Structure formats: C-alpha cells, structure tokens
2 protein chains.
Amino acid sequence: MSVGRRAYHHGDLRRAILTAALDVISAEGPSALSLRDLARRAGVSHAAPAHHFKDRTGLLTAIAAEGYGLLAATLTDAADLREAGVRYVRFAREHPAHFQVMFTPELLRENDLELTTARALAGETLRNAVSAVPSEGRGTDARLAGIAAWSLAHGFATLLLSHNLTGPMGDQDPEEVFHELTGLLFRSG
Amino acid sequence: MSVGRRAYHHGDLRRAILTAALDVISAEGPSALSLRDLARRAGVSHAAPAHHFKDRTGLLTAIAAEGYGLLAATLTDAADLREAGVRYVRFAREHPAHFQVMFTPELLRENDLELTTARALAGETLRNAVSAVPSEGRGTDARLAGIAAWSLAHGFATLLLSHNLTGPMGDQDPEEVFHELTGLLFRSG
DNA sequence: TCATCGAACTTGTCAATGACTAGATTCGGC
DNA sequence: GCCGAATCTAGTCATTGACAAGTTCGATGA
C-alpha cells in the first residue's frame, strides 16, 4: 500500500478526517463542519467519512473522546491544583477544537463507550489534582476548592477562546495572567 | 387585525420566532436550530422568518443582542463585584439560550450594529461592577480582580449549563454554592 | 371613500448537506 | 492464489438555507 497519491485506500483516512475537522472547528466552529467538505479535503468520496465515524455526531464524539484522552495525559502528575489549572488553560489554548467540542454535550453521543471511558479517566486525574490542594493553612473544603479552581480555569479558558479577554489583558501572556489569578484564589491568608 | 388564528399577518411573528428559537436552543443547542422548523411552529411559510432576520446568522445575532441587553439590565446597580457575579450566574441559568449564543462568536454577525451597541452597554455595566471591588484591605489589582471574577462566574455558569457540576454539587442550590466560591476569591485575608 | 405604497407573508426554486443503500476494490491471512 | 472483511465509491432521497418573484394586508393621505 504505497502512500503515493490516488491509492484506492487512503492509508490513514480516519486521522486525515480528524485533523481536517479540527482545523475547521478551530477556525469556524463545529457548526461549520461538513462531512462532505472533509471528504473533499481528503480527496475521497463523499460517503467515505461515514465508514469511520458513522455520522456527524460520531465524528464529533470521536473528537471529544480524543480530547479527554489528551487532557488526562496533560493533567497527570501535576504538582498541585494550581499547576493543574495552568495546564488546563494551556490545553484549551493548544487544542481549542477539542476543548470546544468536549464541552458541547448536545453535539455528542453521550452514551458512546470511548467517550465515557475517556471522560472518566480525565475526571479521575482531575480529582487527583483537586485532592492536592496547594498549601494553605486553613481547612478549606477541598470539594469547594475543586469547583472553584475548575470554574476559574474553565471560565478563563472559555473567555480566552471566545476572544473576550483580549481587551482587558492586552498582549500579556495568558498563562502568566492565569497564574496570577490562581494567586488570588489560593493565597495563604 | 384580529389576533384570531389564520390571519395573513401573524401579529408578532418576530417575537414568536425568537421565543421558539430560544426554546429549541435551550433544549438542543444552536446547531439544532432550523428556520423552516421555526416557521412551522409559528404556522407561517418557510420563508417568513427571513423577512425579520435576513438569515440564520441574523436570527442568532438578534438573540445575542437581546441577551446582552438583558444582561446589562441584570447587572445594573449591583452592590459590588461579588453580587454582580451572583447575578451573572443567575442570568445564565434563567436565559441559557441567550447565554450560549452570546459567547459563540462564530454564529454571529460581529459587525451588527444592534449587537455591538448592546454588548458595549453590557460591558460598561460589567466594568462598573468591577470598579466596586468588595472590601479587602490590600490593594489588589482591580483589573486582575475583574478578570478573576468574570472567569469564575463564567466558568461556573458554563460548567453548570453543560451539566458538568451536577456530580460534585449534588442537589445544592447553585447560587449558594457560587456565593461560597466568591468567598474564596474575595476574602479579606 | 379610495388609490397607493410599503411592509408582511407566500410560493417556487436551487445548490448543498446528512444519511442511507448497494456495489466495487483492496488488504491480510491462510 | 483464494477468500472474507475492511475500505472506499456511486447513486439516491429528504431536508435545509438562501434567494427571487408574486400576493395580501393595512396605514396614509387626498
């Protein structure tokens, strides 16, 4: 199966479709996604993507599952909750398409096995990070601190991706700004 | 022009379409929105909505503009940044469709006049709230506190709407939980 | 009263899309 | 070199968004 052009078998059509889909989503959002357009980009027939992903929802579900896998890998062995937050924001910036799809449930097949397992894994790494609350003398509720940290990181990432922080932040490095934010949340006072 | 059924003129088709659209978006997200479906629900021809909103993007832009107007009204004369945050979360829960569309820029006509003016107004009320940082002795950067508060509120609201907090929160009242979160961010320590 | 003009709505049409079916080609194991 | 299964193609149908042209209504003014 030479990789040369115009083979009947693409070689790695699944990956090619996924990559093209991520490009489109990053640039124009999930609503601009068209299976036929992706097929054209990959140089295959209009029904070829369906073989790998079943339908549009299947493609988006695969993207979300992949995203949760990537997020879990990103979050493993983060030193503490604060660093986990920084990594969370970095993940959103480096994988904006995954991030956006992961948190748009109405686009996904929620009972998909790959999705649920990947999400469960990511949730576990997230919980591990929460259990390692940064040093602060007082007994803050760990559960509450976890929700706070997740909300702060998720909100910051979301506002960043929707271009709502370019005004107030100017040209500062987002990760640096976010690190300062965690300082407000986790100060030892 | 009696309101009786089957008049040639609907009476308030624009509002009817908007309301139906908000229903659909709340239940199935913006991607499930179909102009023809909205027309059917309103009992008018398939091209009637276009007369009021030009196209799908126009409808969504109108929803976003209305959302910014509602948000501005919600945020005016909030006592301090903390209360503004609580109101922000409440707005997201009471107007989930507006909220979702407002922060999905790729669905909107960004240069639309109504949208930009409504957004500017909401931004101003938001800035007013930020300038009223709750009492905390130390000189925290107001700009940073504003970003933190917005991120926290926006993240909490987003995770809430995407059903990602039902696990950790149980059946607690979301607003109460969020109020506790602001306590972590704005403590006087 | 009535002509008129614009707004609101309808009807018809076209290209594009998602989903489905049946069939062709190729790969890998034996 | 044979065969089953995976991969991809080709064709079709219902639905949709967008557009064009025509119809109905109602408010305004003479």
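Chain identifiers are assigned alphabetically (A, B, ...) following the order of the sequence lines, protein sequences preceding nucleic acid strands; residue numbering begins at 1 within each chain. Predicted model, so just to flag it, every value in this text is computed and none were measured. Values below: every heavy atom of this structure, side chains too, minus hydrogens, waters and symmetry copies.
- Between E83(B) and R87(B), at least one side-chain N (NZ, or NE/NH1/NH2) sits under 4.0 Å from a carboxylate O, which counts as a salt bridge.
- Taking atom CG of L107(A) as the reference point, atom P of dG18(C) lies 13 Å away to the nearest angstrom.
- Computed from coordinates, the K54(A) NZ to dC20(C) C1' distance equals 8 Å when rounded to whole Å.
- Using a 30° and 60° split on the angle between ring planes, H95(A) and H98(A) fall in the perpendicular class, above 60°.
- DNA chain D is contacted by both A48(A) and A47(B); A48(A) maps to the nucleotide lying nearer its 5′ end (nearest heavy atom per residue).
- Backbone-only contact: R40(A) has heavy atoms under 4.0 Å from sugar-phosphate atoms and none from a base.
- The distance between atom CZ of R15(A) and atom C1' of dT7(D), rounded to the nearest whole Å, is 18 Å.
- If you take CZ of F53(A) and C1' of dA6(D), they are 15 Å apart, rounded to a whole angstrom.
- The CG atom of L13(A) sits 12 Å away from the C1' atom of dT9(D) (whole-angstrom rounding).
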Verify side-chain contact (heavy atoms from CB on, under 4.5 Å) between K54(B) and R109(B), making sure each step is shown before the conclusion.
-> CA-CA 11 Å; K54(B) 168 70 177 172; R109(B) 192 134 29 221; 4.2 Å; yes
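- Counting only distance, with no hydrogens or angles, the side chain of T104(B) and the backbone of L107(B) share no donor-acceptor pair below 3.5 Å.
- Residue contacts shown for L33(B) are limited to sugar-phosphate atoms, with no base heavy atom under 4.0 Å away.
- Within 4.0 Å of L59(B), counting heavy atoms only, lies no atom of the nucleic acid at all.
- Counting to the nearest Å, the C1' atom of dA8(C) and the NE2 atom of H52(B) are 6 Å from each other.
- Within the structure, a side-chain polar atom (N or O) of S34(A) is placed less than 4.0 Å from OP1 or OP2 of dG18(C).
- Contact annotation: R36(B) side-chain N/O to dT10(C) OP1/OP2 distance is not under 4.0 Å.
- For A50(A) and D37(A), each mapped to the nucleotide of DNA chain C holding its nearest heavy atom, the one lying further toward the 5' end belongs to D37(A).
- Contact annotation: H51(B) reaches the phosphate of dA8(C) (side-chain N/O to OP1 or OP2, under 4.0 Å).
- When heavy atoms are screened at a 4.0 angstrom cut-off, R56(B) is found touching the sugar-phosphate backbone but no base atom.
- The distance from atom CG of L35(A) to atom P of dA10(D) is 18 Å, rounded to the nearest whole Å.
- H46(A) has its NE2 atom 9 Å from the P atom of dT9(D), to the nearest Å.
- Taking the ring centroids of H154(B) and F103(B), they lie under the 6.0 Å cut-off.
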